[in-house]
Number of protein chains: 2
Amino acid sequence: MKEHILIVDDDNDILELLEYNLSAAGYDVLGFLNTKHVRRVLIEEKIDLIIMDRNLPDIEGSYYVEMLRSKNINTPVIFLSAKNSTEEIKEGFLKGGDDYLAKPFDIEELVLRVKAVLRRSRGDVKELVENVEYRDMKLDLNMHKVQIGKLDIMLTNLETSLLQILVTNKGKVLDREFLLKYVWKDAENIHPKTVNVAIKRLKEKIDPAKSKEYIKTIRGVGYLVA
Amino acid sequence: MKEHILIVDDDNDILELLEYNLSAAGYDVLGFLNTKHVRRVLIEEKIDLIIMDRNLPDIEGSYYVEMLRSKNINTPVIFLSAKNSTEEIKEGFLKGGDDYLAKPFDIEELVLRVKAVLRRSRGDVKELVENVEYRDMKLDLNMHKVQIGKLDIMLTNLETSLLQILVTNKGKVLDREFLLKYVWKDAENIHPKTVNVAIKRLKEKIDPAKSKEYIKTIRGVGYLVA
DNA sequence: ACTTTAGATTACCTTTTGGTTACATATTTT
DNA sequence: AAAATATGTAACCAAAAGGTAATCTAAAGT
């Protein structure tokens, strides 16, 4: 099955150039001139890579990506931009980009960078649409909520990604180091005890009566959903 | 556990600059001035990322990476090179590189690119450990429990590793010295009698009725699972 | 049978670890 | 800007794990 690339660039010429060349390279390409419908498409379709211009009419591209990341949308992103000072490049990576290419660019180099990112991220791309279920709990990643029985419980970003990683790794004990890596995205200087508190709050939220034991503590190791 | 980065660059100053900054960013760094021992290190150590100069005394860096790829060594590679024509950059990607940064480079940008590649190249799923079985006992190392018949019994860290080593060495008598070495990891000043108590507690836990005799005592030698 | 010796058992105590809460800071919403 | 919310940090407490030592028991040698 072809891999899907979503492009956002307000310059129609560039959009066409990219669509032409990436299609020729065997990808399915979806082009957009602004971010208006991007989020919905990301949720509804299986998108493997985003190519994003930074100078967009409605929003600065890197801010848009930062927003996506905060919603647990981790599709790889390559920035494409005339802003090419090192400061701006660094910002692109800090906001969650996977690569950064300055305009004007060599189209073949872009295609190669696309391939490199896809090669590396393959298999690790999370299904955005698919919701995760466990016992009587339905986790809706996009809406940031869990349905437990008839009850809808809103979750914060942190709670969503913590619960997500626990449930998708069900049956495995996740230690604090692992959780810090994937939920806190390696943020520097985060105390491991932070995990305890986050877990405690999550438990409290999804099971205030403490009757379900969704999340078990494995002393000396970490936490798991069994 | 820290991620390991291997660097190959014949310029000692650059090597030191990278070692300093990547160590500061929390990585374990191994620097090399040529590729002589690189392949052996890649095989023997767990290396998560390679930073490779292209101008090496013994071989062209991208050819070296191409060789690695042909040997199914798929560790991510970031090229670092004074060769920065688009043709040469393209060659870097074609030979299997994940990113390409032209010298001179901004060290902070490099660190960010390193993070981006590592973030993308590691899966977010915890690896499953193989489980061990013996008689009617299933030892689940992921969940730190044994299933005996229908019954699930949670184990502590010590109990898990003790039972694991006994069962995986089934048929062999393990003496206290051996157990102290592998279960207690040679911790200083551990009294050999400690093993007796640990074994006693483990027996009690997995067979409170004392009817199964999973673990036999061999007087004067040690313990075994037959 | 008696003695010796290794292992089992038990009780005790220290250390480690996680839970809990309160507070501070940062972020988001209004 | 103010209020509300989210989340990190630190302090404190409780529980669990596990090491040690004293005592008991059983096996091996005489």
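Owing to the predicted nature of the structure, the values given are computational and were not obtained by experimental measurement. As a basis for the values below, the full set of heavy atoms in this structure was taken, side chains included, without hydrogen atoms, waters or symmetry mates. So that the names make sense, note that chain A is the first sequence line, chain B the second, and so on, each numbered from 1.
- Looking at A/Asn196 and A/Arg176, their side chains do bring a donor and an acceptor atom within 3.5 Å of each other.
- The phosphate of D/dT9 has OP1 or OP2 within less than 4.0 Å of a side-chain N or O from A/Thr194.
- Closest to the side chain of A/Thr156, from the set D/dG19, C/dT17, D/dT7, is D/dT7.
- An OP1 or OP2 oxygen of C/dG19 is reached within less than 4.0 angstrom by a side-chain nitrogen or oxygen of A/Tyr223.
- Taking atom NZ of B/Lys193 as the reference point, atom P of D/dT20 lies 12 Å away to the nearest angstrom.
- One finds no side-chain N or O of A/Lys200 lying less than 4.0 angstrom from the OP1 or OP2 phosphate oxygen of D/dT7.
- A salt bridge is absent between B/Glu177 and B/Lys181; no separation between the charged side-chain nitrogens and carboxylate oxygens falls under 4.0 Å.
- Residue A/Lys210 is in sugar-phosphate contact alone, with no base atom involved, counting any heavy-atom pair closer than 4.0 Å across all strands shown.
- The B/Ile190 side chain lies nearest to D/dT20 when the options are C/dT21, C/dG7, D/dT20.
- For the residue pair A/Leu15 and A/Phe32, the shortest heavy atom distance occurs at CD2-O, 3.9 Å.
- What separates CZ of B/Arg201 from C1' of D/dA16 is a distance of 11 Å, to the nearest Å.
- One atom, CG of A/Asn196, and another, P of D/dA11, lie 16 Å apart when rounded to the nearest Å.
- Between the A/Asn169 side chain and the A/Lys172 main chain, no donor and acceptor come within less than 3.5 Å of each other.
- Atoms CD1 (B/Ile199) and P (D/dA17) sit 17 Å apart, rounded to a whole Å.
- Contact annotation: B/Lys203 does not reach the phosphate of C/dT9 (side-chain N/O to OP1 or OP2, under 4.0 Å).
- Side-chain nitrogen and oxygen atoms of A/Arg176 include at least one within less than 4.0 Å of the OP1 or OP2 phosphate oxygen of C/dG18.
- Put simply, CD on A/Glu204 is 8 Å from P on C/dT20, counting in whole angstrom units.
- Applying salt bridge (charged side-chain N to carboxylate O under 4.0 Å, His left out) to A/Asp98 and the options A/Arg120, A/Arg119, A/Arg69 leaves one that passes, A/Arg69.
- Distance, A/Asn157 CG to D/dT7 P: 6 Å, rounded to whole Å.
- Within the structure, a side-chain polar atom (N or O) of B/Thr217 is placed less than 4.0 Å from OP1 or OP2 of C/dA8.
- Here the side chain of A/His191 is nearest to one of D/dT20, D/dG18, D/dT9, namely D/dT9.
- In this entry the distance linking CG of A/Leu202 with C1' of C/dG19 reads 15 Å, nearest Å.
- Distance A/Leu155 CG to D/dA6 P: 10 Å, rounded to the nearest Å.
- Contact annotation: A/Trp184 side-chain N/O to D/dT7 OP1/OP2 distance is not under 4.0 Å.
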